[in-house]
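Contents: one structure, followed by commentary.
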Number of protein chains: 2
Amino acid sequence: MLYAGFMSAPLPPFPSHEEPSADAPELLQLGSPDDEPCLRADAARNRARLLEAAGKLVAEHGASCVTMEAVAAEAKVGKGTVFRRFGDRTGLLAALLDHTEKKFQAAVITGPAPLGPGAPPQERLKAFGLALLRRSADELDLQLAAEPSAERRYSNAPRRFLRGHVLILLRQIVPDADCELLALTLMQYLDPSMIHYRTRICGMPADRVEAGWLDLVDRLTRTAPSA
Amino acid sequence: MLYAGFMSAPLPPFPSHEEPSADAPELLQLGSPDDEPCLRADAARNRARLLEAAGKLVAEHGASCVTMEAVAAEAKVGKGTVFRRFGDRTGLLAALLDHTEKKFQAAVITGPAPLGPGAPPQERLKAFGLALLRRSADELDLQLAAEPSAERRYSNAPRRFLRGHVLILLRQIVPDADCELLALTLMQYLDPSMIHYRTRICGMPADRVEAGWLDLVDRLTRTAPSA
DNA sequence: AAACTAAACGGACCACGGTCCGATTGGCCC
DNA sequence: GGGCCAATCGGACCGTGGTCCGTTTAGTTT
């Protein structure tokens with residue numbers, strides 16, 4: 001887990017799954033080094049079986065057919081266990097995306113330039129968006145299905161991490177701007193539902209969307225001309 | 001109805017509520033002059049009662065407590081009738097927002113400058129965003145509750161209308177840019193869930209968000225400096 | 001005004017997300 | 001090994017969104 005606090009606390013009574021609701025977009029805290037912390041043997045086994053079952057169902061019938069009961073049945077486990085482990089449906093789907101998310105985060109933090117460190121910040125930002133657009137091209141159905149409700153959409157850990165990264169880069173490029181707001185705007189361009197709309201509904205080709213990203217970065221990181 | 005095709009077709013067998021899924025962001029078609037077209041007397045009466053009932057429930061207990069059954073019961077009408085009339089829950093909530101939406105559209109099309117016609121396009125664009133931000137400050141709960149699923153989020157009629165307006169203005173300001181993409185980006189800044197996050201979760205003050213809009217418009221409508 | 005028909009009605013019905021709580025069991029201490 | 005207890009389990013249960021289809025009724029035709 002490169003991002004903090006995601007599916008790690010022992011889940012007090014039953015449904016807690018607390019995301020640290022205080023939002024501190026400044027720092028991208030890494031915390032929680034090991035995966036599932038001290039899960040009881042049966043719990044860990046069931047978790048694995050559930051993820052496997054869910055993955056199988058997604059592969060076979062698509063993300064929209066993954067009901068909690070079906071996953072429980074496929075994993076030969078009670079329905080309550082699924083909810084206990086993953087909180088809710090979006091939690092389960094998010095856990096399914098966790099692997100590629102971690103890989104992506106690792107590539108951003110320690111991978112080769114220009115996505116990873118080494119390149120100038122604006123280059124990194126451009127590479128970041130392109131990489132995210134491409135990742136979402138696969139996974140899109142799952143990402144859409146895993147989208148949390150409007151109230152929590154921008155608060156969840158993976159998004160906060162990614163936005164935090166964008167924020168850091170922006171601060172280096174345009175330190176005088178309101179970088180929090182700019183980061184939010186940039187990240188929205190990469191939002192799964194937006195990607196879905198542009199490519200699947202409007203039918204925009206991928207290269208146009210990618211060019212749009214590069215252009216957006218240019219426009220947002222330009223400093224005022226005169227005035 | 002200033003926007004086209006929204007809750008107007010006679011709803012063939014049962015659940016149709018077809019939005020014209022072809023997306024033509026170029027023109028903002030006004031169509032459908034009169035309100036509910038040729039609705040049978042009982043249907044029209046029930047529709048009004050349902051809207052009244054829903055409005056009352058929202059006012060009393062908040063949008064989240066508005067269940068379809070509760071509305072049906074309050075209006076003394078069968079549950080099936082609610083779905084027949086409004087398609088689904090988001091349709092009902094959207095209908096509740098329809099009045100202010102129409103007013104807003106009217107202000108944009110025929111109202112006084114700078115929101116309405118007369119002012120230079122960039123001024124209009126800035127005024128547009130500020131007005132929308134302020135409108136969403138009220139209504140926010142309802143707008144969040146009325147948000148359609150990720151697949152349809154950007155396809156619904158009111159959003160398409162607003163985006164079409166932004167598009168027209170953008171074309172006048174930066175004709176050489178990819179205005180569809182820029183319009184999408186601008187509209188996302190005004191998205192209810194985004195507003196919710198910035199103001200209610202991050203706690204940003206309204207004037208910061210408004211300044212952010214003005215800045216965003218400036219940055220996006222700047223033409224390339226040199227290169 | 002009687003007959004006719006398409007539309008609207010309404011509530012039983014279903015599927016799914018989410019919760020509860022009594023039964024079970026893994027891990028630890030003696 | 002035996003006993004203890006907290007964590008886990010699992011499936012009955014509930015509320016809500018959404019559907020179906022037999023029944024009723026508004027509007028029209030003759």
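Per chain, numbering begins at 1; letters A, B, ... match sequence-line order.
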**Residues that Thr81(A) engages under side-chain contact (heavy atoms from CB on, under 4.5 Å), provided they are two or more places apart** = Asn46(A), Leu50(A), Val77(A)

Listed pairs, N/O of protein and of nucleotides 25-27 of chain C, under 3.5 Å:
residue : atom : partner  : partner atom : Å
dG27(C) : OP1  : Ala41(A) : N            : 3.0

**Asked** Who pairs with His99(B) by side-chain contact (heavy atoms from CB on, under 4.5 Å), at least two apart in sequence or on another chain?
**Response** Lys103(B)

**Request:** Measure from NZ on Lys76(B) to P on dG11(C) and round the result to the nearest Å.
**Result:** 13 Å

**Asked** Which residue pairs pass the side-chain hydrogen bond (donor to acceptor under 3.5 Å, both in side chains) test when at least one of the two sits in residues 48-58 of chain A, sequence neighbours left out?
**Response** Lys56(A)-Glu74(A)

**d(NZ, Lys79(B); C1', dC13(C)) in whole Å** = 9 Å

**Fill in**
Rounded to whole Å, CZ of Arg84(A) lies from C1' of dG11(D) at a distance of 14 Å

**Prompt:** Taking only residues two or more places apart in sequence, or in another chain, which ones meet Arg134(B) in a side-chain contact (heavy atoms from CB on, under 4.5 Å)?
**Reply:** Leu130(B), Glu210(B)

**Prompt:** To the nearest angstrom, how far is Asp88(B) atom CG from dT16(D) atom P?
**Reply:** 17 Å

**Request:** Report the distance from atom CD of Glu74(B) to atom P of dT16(D), rounded to the nearest whole Å.
**Result:** 15 Å

**Asked** How long is the line joining CZ of Arg49(B) and C1' of dG10(C), in whole Å?
**Response** 13 Å

**Axis-to-axis angle between the two ends of the helix from dA1(C)-dT30(D) to dC30(C)-dG1(D) (five base pairs per end, rounded to 10 degrees)** = 0°

**Asked** Hey, does the side chain of Asn46(B) come within less than 4.0 Å of dC9(C)'s phosphate (OP1/OP2), counting only N and O?
**Response** yes

**Prompt:** Between Thr81(B) and dG10(C), does any side-chain N or O lie under 4.0 Å from OP1 or OP2?
**Reply:** yes

**Message:** Between Glu180(A) and Arg208(B), does any NZ, NE, NH1 or NH2 come within less than 4.0 Å of an OD or OE carboxylate oxygen?
**Reply:** yes

**Request:** Kindly write out the residues that satisfy side-chain hydrogen bond (donor to acceptor under 3.5 Å, both in side chains) with Arg45(A), not counting sequence neighbours, or none if the list is empty.
**Result:** none

**Request:** Tell me which residues in residues 53-70 of chain B put a heavy atom below 4.0 Å from DNA chain C, sorted by number, or none.
**Result:** none

**Asked** Within the structure, does a side-chain N or O atom of Arg85(A) lie under 4.0 Å from either OP1 or OP2 of dC9(D)?
**Response** yes

**Prompt:** For Ser193(A), which residues count as a side-chain hydrogen bond (donor to acceptor under 3.5 Å, both in side chains) partner, sequence neighbours excluded?
**Reply:** Asp191(A), Arg153(B)

**Request:** Quickly work out the Leu92(A) CG to dG18(C) P distance and round it to whole Å.
**Result:** 11 Å

**Complete:** For Ser149(A), the side-chain hydrogen bond (donor to acceptor under 3.5 Å, both in side chains) test, sequence neighbours excluded, returns Glu151(A)

Which pairs would a plain distance check flag for residues 136-146 of chain B, meaning a side-chain donor or acceptor within less than 3.5 Å of a matching protein atom at least two apart in sequence or in another chain?
residue   : atom : partner   : partner atom : Å
Ser136(B) : OG   : Leu132(B) : O            : 3.2
Ser136(B) : OG   : Gln143(B) : OE1          : 3.1
Glu139(B) : OE1  : Arg135(B) : NH1          : 3.2
Glu139(B) : OE1  : Gln143(B) : NE2          : 2.8
Glu139(B) : OE2  : Thr100(B) : OG1          : 2.3
Asp141(B) : OD1  : Arg200(B) : NH2          : 2.4

**Prompt:** Roughly, in whole Å, what's the span from CZ in Phe83(B) to C1' in dG18(D)?
**Reply:** 5 Å

**Request:** Taking side-chain hydrogen bond (donor to acceptor under 3.5 Å, both in side chains) as the test, write out the residues that go with Thr67(A), two or more places apart.
**Result:** none

**Request:** Give a yes or no on whether a salt bridge exists between Arg159(A) and Glu101(A), defined as a side-chain N under 4.0 angstrom from a carboxylate O.
**Result:** no

**Message:** Here's one to test your reading of the geometry: is the NZ or CZ of Arg160(A) within 45 degrees of the ring axis of Tyr154(A) and under 6.0 Å from its centre?
**Reply:** no

**Request:** Specify the residue among Gly78(A) and Thr90(B) whose closest nucleotide of DNA chain D lies further upstream toward the 5′ end.
**Result:** Gly78(A)

